[in-house]
Amino acid sequence: MSALDSVTLPVLGIPVRFESDAAEVLAAVEESFGAWRGTPVSGEWTARAPVRVRLCMAVSGDVDGGDIEVHRREPRFMALRGGGVQAYAHTGRCAAAGRISPTLLGDRTRLRGGVLDALTLWLLTALDRQPLHAAGIARGDAALLLAGPSGVGKSTTAYAAMRAGLDVLAEDGVYLQESPVPRVWGMPGFVHLHPGAARWFPELAGLAPITRANGDVKLAIPTARPRTGVARAGICLLARGDAAGVERVGADEVERALLGEMEPGFDRFAATIGGPVRRLASRGGWRLTLPPSPPDAVPLLRRVLDELQAG
């Protein structure tokens, strides 16, 4: 393919036009974002031009090898260098562009995670889609955000909810929209579980684990199609303890938990995420002490969703 081909997809409700002269790039786009096809464009974007991401194939040897490095010279600009890519994204222009090597075209995992996802999400998180470190589950018109430190059980709890018929918005990060109506969005993909989780979920027995880009070995279970942004949302702080249960907590405690020590990546939004978080926490939230068996958390989650929808 020598001429530019393109596809436009409403990622997180925002239309993104992906352009490339390489079929492999557009195939990777389908893997990363194709699930958004057919979902509505968020109302505030119906009359606006789409965000643009253009990646063209470079001549062999024209792009440096090594690892992909991220460079941020100022708040609106990000560049990717090395590892077979030279690219940039500028939030003020709502655009990204770059060149990729033939070698990188053959490495679909790095092409998706290191380039396509990095460029696209850099642009979208500046367009009123701020990331929050939490899993997200939903039922009807309500979303429950499951917050807690890495390793507390967000992904496992989200999978237990999914197998019980609830929707999974995201396993580790949701996106908060403030205007014109506050909403919570999730990026579809996979729930990643430790291989030992098969003892709680017999249907996972025999599923071959994968090695993620960070070296973690996980079971990868695909989630359902994405949902449009959910307007009604609550916060549930996950914890481990001697006795499983759920209790109400105040707004101050929810804010401290979400705005305290942020994990790398999410901390880039520390100066701007406070407003959306305080709005979410204004009526307080819940603390869920997880039971030893993850499926046993489902009745507690349903109880919280009942309260959320009733309020």
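Numbers here simply count residues along the sequence, with the first being 1. Worth saying up front: this structure is predicted, and the values here are computed from it rather than measured. Below, all heavy atoms of this structure are taken into account, side chains as well, without hydrogens, waters or symmetry copies.
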Review item, side-chain donor-acceptor pairs of residues 132-143, under 3.5 Å, at least two apart:
{"unit_1": "His133", "atom_1": "NE2", "unit_2": "Asp172", "atom_2": "OD1", "d": "3.1"}
{"unit_1": "Arg139", "atom_1": "NE", "unit_2": "Gln309", "atom_2": "OE1", "d": "3.1"}
{"unit_1": "Arg139", "atom_1": "NH1", "unit_2": "Asp306", "atom_2": "OD1", "d": "3.4"}
{"unit_1": "Arg139", "atom_1": "NH2", "unit_2": "Asp306", "atom_2": "OD1", "d": "2.7"}
{"unit_1": "Arg139", "atom_1": "NH2", "unit_2": "Gln309", "atom_2": "OE1", "d": "2.7"}
{"unit_1": "Asp141", "atom_1": "OD1", "unit_2": "Gln309", "atom_2": "NE2", "d": "3.3"}

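At a threshold of 4.0 Å, the pair Arg129-Glu44 counts as salt-bridged, since one of the basic side-chain nitrogens sits closer than that to a carboxylate oxygen. Looking at Arg163 and Glu203, a side-chain N of the basic residue comes within less than 4.0 Å of a carboxylate O on the acidic one, giving a salt bridge. Ion pairing between Glu30 and Arg37 holds under the 4.0 Å rule for side-chain N and carboxylate O. A salt bridge is absent between Glu171 and Lys154: the closest approach of a Lys/Arg side-chain nitrogen to an acidic carboxylate oxygen does not fall below 4.0 angstrom.
A donor-acceptor pair under 3.5 Å is absent between the side-chain atoms of Arg17 and the main chain of Pro50, judged by distance alone. Checked by atom type and distance alone, the side chain of Glu263 pairs as donor or acceptor with a backbone atom of Ser150 at under 3.5 Å. Side-chain N or O atoms of Thr211 include none that pairs as donor or acceptor with a backbone N or O of Val217 at under 3.5 Å. A donor-acceptor pair under 3.5 Å links the side-chain atoms of Asp21 to the main chain of Met57, judged by distance alone. Remark: side-chain polar atoms of Ser32 are not paired, donor with acceptor, to backbone N or O of Val29 under 3.5 angstrom.
The environment of CZ in Arg283 is sparse: at most 12 heavy-atom neighbours from other residues, nucleotides or ligands sit within 6.0 Å. Heavy-atom neighbours of Glu74 CD from other residues, nucleotides or ligands within 6.0 Å: above the threshold of 12.
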- Task: Show your reasoning for whether side chain to side chain contact (heavy atoms under 4.5 Å, CB included) applies to Val51 and Trp45.
- Result: CA-CA 10 Å; Val51 174; Trp45 278 90; 4.3 Å; yes
- Tell me, with the steps shown, if Leu207 and Ile221 meet side chain to side chain contact (heavy atoms under 4.5 Å, CB included). CA-CA 9 Å; Leu207 181 64; Ile221 303 96; 4.2 Å; yes
- Message: Working note: Thr223 + Met162, criterion side chain to side chain contact (heavy atoms under 4.5 Å, CB included); need CA distance, chi angles, decisive distance, verdict.
- Response: CA-CA 8 Å; Thr223 59; Met162 184 174 76; 4.2 Å; yes
- Item | Residue pair Asp128, Ser179: steps toward the side chain to side chain donor-acceptor pair (under 3.5 Å) verdict | CA-CA 7 Å; Asp128 197 18; Ser179 179; 5.1 Å; no
- Query: Going through the distances and angles, do Arg279 and Glu178 end up as a salt bridge (Lys or Arg N to Asp or Glu O under 4.0 Å)?
  - Reply: CA-CA 9 Å; Arg279 181 194 61 76; Glu178 279 291 277; 3.2 Å; yes
- Task: Start with the C-alpha gap between Met187 and Leu12, add the side-chain angles, then the distance that decides, and say whether side chain to side chain contact (heavy atoms under 4.5 Å, CB included) holds.
- Result: CA-CA 7 Å; Met187 186 70 69; Leu12 296 175; 3.9 Å; yes
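Annotation: ring-ring contact (aromatic ring centres under 6.0 Å, His included) contacts involving residues 282-311, sequence neighbours excluded, are absent.
Val254 and Phe269 fall within a single hydrophobic cluster, where Ile, Leu, Val, Met, Phe, Trp and Tyr side chains are chained together by heavy-atom contacts under 4.5 Å. Cluster annotation: Val11 is not connected to Val168 through the hydrophobic network of ILVMFWY side chains, with a link wherever side-chain heavy atoms come within less than 4.5 Å. Linking Ile, Leu, Val, Met, Phe, Trp and Tyr whenever their side-chain heavy atoms come within less than 4.5 Å leaves Phe266 and Leu124 in two separate clusters. Grouping the Ile, Leu, Val, Met, Phe, Trp and Tyr side chains by contacts below 4.5 angstrom, directly or via other members, places Met262 with Leu258. Taken together through direct or relayed side-chain contacts under 4.5 Å among Ile, Leu, Val, Met, Phe, Trp and Tyr, Phe190 and Val174 form parts of separate hydrophobic clusters.
Contact detail for Glu255 and Ala281: the closest heavy-atom pair is CG-CB, 3.9 Å. The heavy-atom pair separating Leu127 from Cys94 by the smallest distance is CD2-SG, 4.0 Å. Taking both residues in full, the closest heavy atoms of Gln177 and Ser42 are given as NE2-OG, 3.9 Å, listed atom of the first, atom of the second, then distance. Residues Ala233 and Val184 share a closest heavy-atom pair of CB-CG2, 3.7 Å. In this structure, Leu308 and Gly234 approach most closely via the heavy-atom pair CD2-N, 3.7 Å. Considering every non-hydrogen atom in both Ser155 and Val191, the closest pair reads O-CG1, 3.4 Å.
Once rounded to the nearest 0.5 Å, the distance linking CH2 of Trp200 with OH of Tyr159 reads 14.5 Å. Separation of atoms CH2 (Trp122) and OG1 (Thr91) is listed at 7.0 Å; rounding is to 0.5 Å. Between atom CG of residue Leu144 and atom CG of residue Asp167 there is a gap of 12.5 Å, rounded to the nearest 0.5 Å. For the atom pair CG of Leu166 and OG1 of Thr157, the computed distance is 12.0 Å after rounding to the nearest 0.5 Å. Taking CD1 from Ile210 and CG from Leu219, the interatomic distance works out to 8.5 Å, rounded to the nearest 0.5 Å. Here the CG-CG distance, from Leu146 to Leu290, works out to 8.5 Å after rounding to the nearest 0.5 Å.
At a threshold of 4.5 Å between non-hydrogen side-chain atoms, the residues Leu176 and Ile273 count as touching. By the 4.5 Å heavy-atom criterion applied to side chains, Arg268 and Thr125 are counted as neighbours. Side-chain atoms of Pro295 and Phe201, non-hydrogen and from C-beta on, do get closer than 4.5 Å to each other. No side-chain heavy atom of Met78 sits under 4.5 Å from any side-chain heavy atom of His90. Between Arg110 and Val85, the closest side-chain pair of non-hydrogen atoms is not below 4.5 Å. Leu55 is listed as a side-chain neighbour of Leu116, based on a closest heavy-atom distance under 4.5 Å. Looking at heavy atoms from C-beta onward, Leu305 lies out of side-chain contact with Arg302 at the 4.5 angstrom threshold. By the 4.5 Å heavy-atom criterion applied to side chains, Arg227 and Leu169 are counted as neighbours.
By the ring pair (Phe, Tyr, Trp, His ring centres under 6.0 Å) test, Tyr175 is found to be paired with no residue, residues two or more places apart in sequence or in another chain being considered.
Side-chain polar atoms of Thr272 and Gln130 form a donor-acceptor pair below 3.5 angstrom.
Note: Trp185 and Trp36 have tilted aromatic rings, judged against thresholds of 30 and 60 degrees for the angle between ring planes.
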